[in-house]
Amino acid sequence: MAIVVASSNLLHFLPSSSDPPYDLLRIHPSISLLSKCRSLQSFKQIQAQFIKFGLHNTQFALSKLVEFCALSPYGSLSYAMSIFDSIHNPNHVIRNTMIRGYSLSSFPSLALRCYVNMLLDGLEPDSYTFPFLLKSCTKLSTADAGKQVHGHVFKFELEDDVYVHTSLINMYAQHGSLDDARMLFDKSDFRDAVSFTALITGYASRGYIDKARELFNAIPVRDVVSWNAMISGYAQIGMYDEALSLFNEMRKAKVTPDVSTCVSVLSACSHVGAIETGNWVRSWIEEQGQDSNLQLVNAMVDMYAKCGDLNMARSLFDGIREKDIISWNVMIGGYTYMSKYKEALEIFHLMQLDKGEPNHITLLHVIPACAHLGALDLGKWIHTYIKKYYHDFPNETLWTSLINMYAKCGNIEVAKQIFCSMKTKSLASWNAMISGLAMHGDANRAIELFSEMAEEGFRPDDITFVTLLSACCHTGFVDLGREIFNSMINDYNISPQLQHYGCMIDLLARAGFFEEAMSLVESMEMEPDEAIWGSILGACRIHKNL
DNA sequence: GGAAAGTAGT
């Protein structure tokens, strides 16, 4: 429809030559249509208009076509490539746009090829070329290309351009060459929020969080992205309280948060149960009219579920019209996290009715739910699903989860089969298998497996010892229990936690060693819980010891 | 026509 209207307005605009005046081109209605284009199909209609009016012979119009295809989410990089290949002597803008398109794609090395062709065609790069090219180099796993491009920046004397300079800092910082990044940063006169932030991200992502914070404090004028970078820097290494307190500082400094801030802050809230901050973020999102932003709604569902308000999480979740895999996963994961396994499986079924394909994270939530509910049928279905789709992509956490599920559902033989067939075992998979055997009362085999595990070079952790001690507890192996408990402390340097004490005290009290059990209670660094008193009282009853 | 930041699990 729009195209018909546009073309009737265009009749008096008919080009007399293939290169009409620049200003006339800029206001050409066919070109302004591109900004409203939402599919490749309507793009092709617009392209037909370009040809009809002779615009396709102008570099300006062609650059607009390439720009849409290479950069718009509704475009297509391969279509951009075919247009590009048909252009005779493309100018700088068009080449730079192609390089930019490649830098955003999953084939950043094509940007380098495009750049080399540009040089071979006798064109010199300009100050727009390098930021895109360097972004592509940043995405590559090796630093070699980036260093060579840095050489070209010198050769073409563009090292003083702010954008080129910042792109170089970012490239070195992202590759972990923090000293090189810092050197560029220090020797230059322009230091703005962008170059600071590039460096901060580099330091924070390599674990130098204090150095990152030092730089953050030194930024002359911070913008919202600098705050976001520092907040997410804290969040990514699990320093959620610091992330949230920095967010409060940001609010005090009257910096307006954006979508990215909200995503990081909500994630931090969900990890520490900070529902009040979460509520504040939610009202901000509603004020801004961002409450249909899928990413934000997903983050809110996750936050409310992890903070324990499952009703709020569910009502937000139900309001999502087009749920993506993350929407499903956070809702299923939220129920599992709160031990609402039945509800978790209900959502999983809804997902299947909605033709949603689970991924490994979905399954990682669903399998424990099966284990707790004894839903062996669904568990077996998932087992088959994993064998079918994850055969070439072995994920040991999934197999470990299945071992745990089969063991809990009583099918220890299948658990053993899975364990034996695992090519690479993790500490968690050994723990799951040992615990499965212990659960089935096969303490001897559990201890045997423990020795095998040590022979294969795995160092047991606190979970391994909970498992072993509970095996002794179930079978009444008092001496062995004592030995393991002492070995844990003396040989493996693991200080006992509440669960370890719980197993030991239960084991001793049941066997009638009340004094030893009580002296263990007194030696604990933490307060005994009700389970510990419960096991002592229970043992008193068995032994009729009033 | 441009550079910096962000979601689900282990």
Side-chain angles (χ1 to χ4, degrees), chain A residues 60 63-64 66-67 70-71 91-101 103 126-135 138 158 161-171 173-174 181 185 190 192-202 204-205 212 215-216 219 222-233 235-236 243 257-268 270-271 293-303 305-306 324-334 336-337 358-368 395-398 400-401 426-429:
Chain A
F60 178 79
S63 76
K64 289 293 169 192
V66 171
E67 182 187 334
L71 306 181
N91 66 12
H92 280 93
V93 177
I94 298 173
R95 291 180 195 262
N96 290 344
T97 306
M98 276 313 287
I99 294 176
R100 188 179 176 199
S103 80
D126 62 14
S127 65
Y128 288 82
T129 312
F130 285 112
F132 306 140
L133 195 56
L134 287 164
K135 196 194 197 78
T138 305
L158 286 166
D161 180 90
V162 197
Y163 290 90
V164 177
H165 180 249
T166 312
S167 301
L168 280 169
I169 293 175
N170 186 51
M171 190 265 298
Q174 298 273 333
F185 177 82
F190 358 84
D192 61 359
V194 185
S195 49
F196 265 101
T197 306
L199 207 50
I200 286 170
T201 309
S205 66
L215 278 165
F216 176 79
I219 305 179
R222 293 180 197 120
D223 63 10
V224 63
V225 183
S226 338
W227 287 93
N228 291 349
M230 197 64 231
I231 291 173
S232 77
Q236 274 165 7
D258 65 4
V259 172
S260 174
T261 323
C262 294
V263 168
S264 310
V265 170
L266 285 171
S267 149
S270 73
H271 281 97
N293 180 319
L294 185 58
Q295 212 178 12
L296 289 178
V297 181
N298 286 343
M300 287 194 288
V301 172
D302 184 46
M303 185 274 295
K306 298 268 173 63
D324 66 1
I325 180 77
I326 296 177
S327 321
W328 293 106
N329 285 354
V330 291
M331 197 64 244
I332 296 170
T336 308
Y337 186 77
N359 65 9
H360 67 284
I361 294 169
T362 323
L363 302 177
L364 230 38
H365 292 304
V366 175
I367 299 168
N395 180 330
E396 75 244 17
T397 50
L398 276 181
T400 301
S401 204
S426 66
L427 179 60
S429 43

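Side chains are part of it too, since the values below use all heavy atoms of this structure and drop only hydrogens, waters and symmetry mates. Each chain gets a letter, A, B and so on, in the order the sequences are listed, and its residues count up from 1.
For Y163(A), whose side chain is taken as the heavy atoms from C-beta onward, the closest listed nucleotide among dG1(B), dA4(B), dG2(B) is dG2(B).
Rounded to an integer number of Å, the gap from F132(A) CZ to dA4(B) P is 10 Å. Remark: C1' of dG2(B) and CZ of R95(A) are 18 Å apart, rounded to the nearest angstrom. Between I99(A) atom CD1 and dA3(B) atom P the separation is 14 Å, expressed in whole Å. Rounded to an integer number of Å, the gap from L134(A) CG to dG2(B) C1' is 12 Å. Straight-line distance from the CG atom of L133(A) to the C1' atom of dG1(B): 15 Å, rounded to whole Å. Straight-line distance from the NE2 atom of H92(A) to the P atom of dG2(B): 17 Å, rounded to whole Å.
Nucleic acid contact class of S127(A) (heavy atoms, under 4.0 Å, all strands): base. Heavy atoms of F196(A) sit nowhere under 4.0 angstrom from any nucleic acid atom.
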Heavy atoms under 4.0 Å is the rule here; annotate nucleotides 5-10 of chain B 5' to 3' with B where the base is hit, S where only the sugar-phosphate is, and - elsewhere.
BBBBB-
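For dA3(B), the base has a donor-acceptor partner in the side chain of T166(A) [N/O atoms by modelled type, under 3.5 angstrom]. Side-chain atoms of D161(A) come within donor-acceptor range of the base of dG2(B), with a qualifying N/O pair under 3.5 Å.
Taking the centre of each ring, F185(A) and F196(A) come in below the 6.0 Å mark.
Listed by chain and residue number, nothing satisfies the side-chain hydrogen bond (donor to acceptor under 3.5 Å, both in side chains) test with S167(A) (two or more places apart in sequence, or in another chain). When the side-chain contact (heavy atoms from CB on, under 4.5 Å) test is applied to S267(A), the partners found at least two apart in sequence or on another chain are H271(A). Taking the salt bridge (charged side-chain N to carboxylate O under 4.0 Å, His left out) definition, one finds that R95(A) meets it with D121(A), sequence neighbours left out. By the side-chain contact (heavy atoms from CB on, under 4.5 Å) test, V330(A) is found to be paired with V301(A), D302(A), I326(A), residues two or more places apart in sequence or in another chain being considered. Residues satisfying the side-chain contact (heavy atoms from CB on, under 4.5 Å) criterion with H365(A), sequence neighbours excluded, are I332(A), T336(A), I361(A).
Looking only at distances, no side-chain donor or acceptor of S232(A) sits under 3.5 Å from a matching main-chain atom of A235(A).
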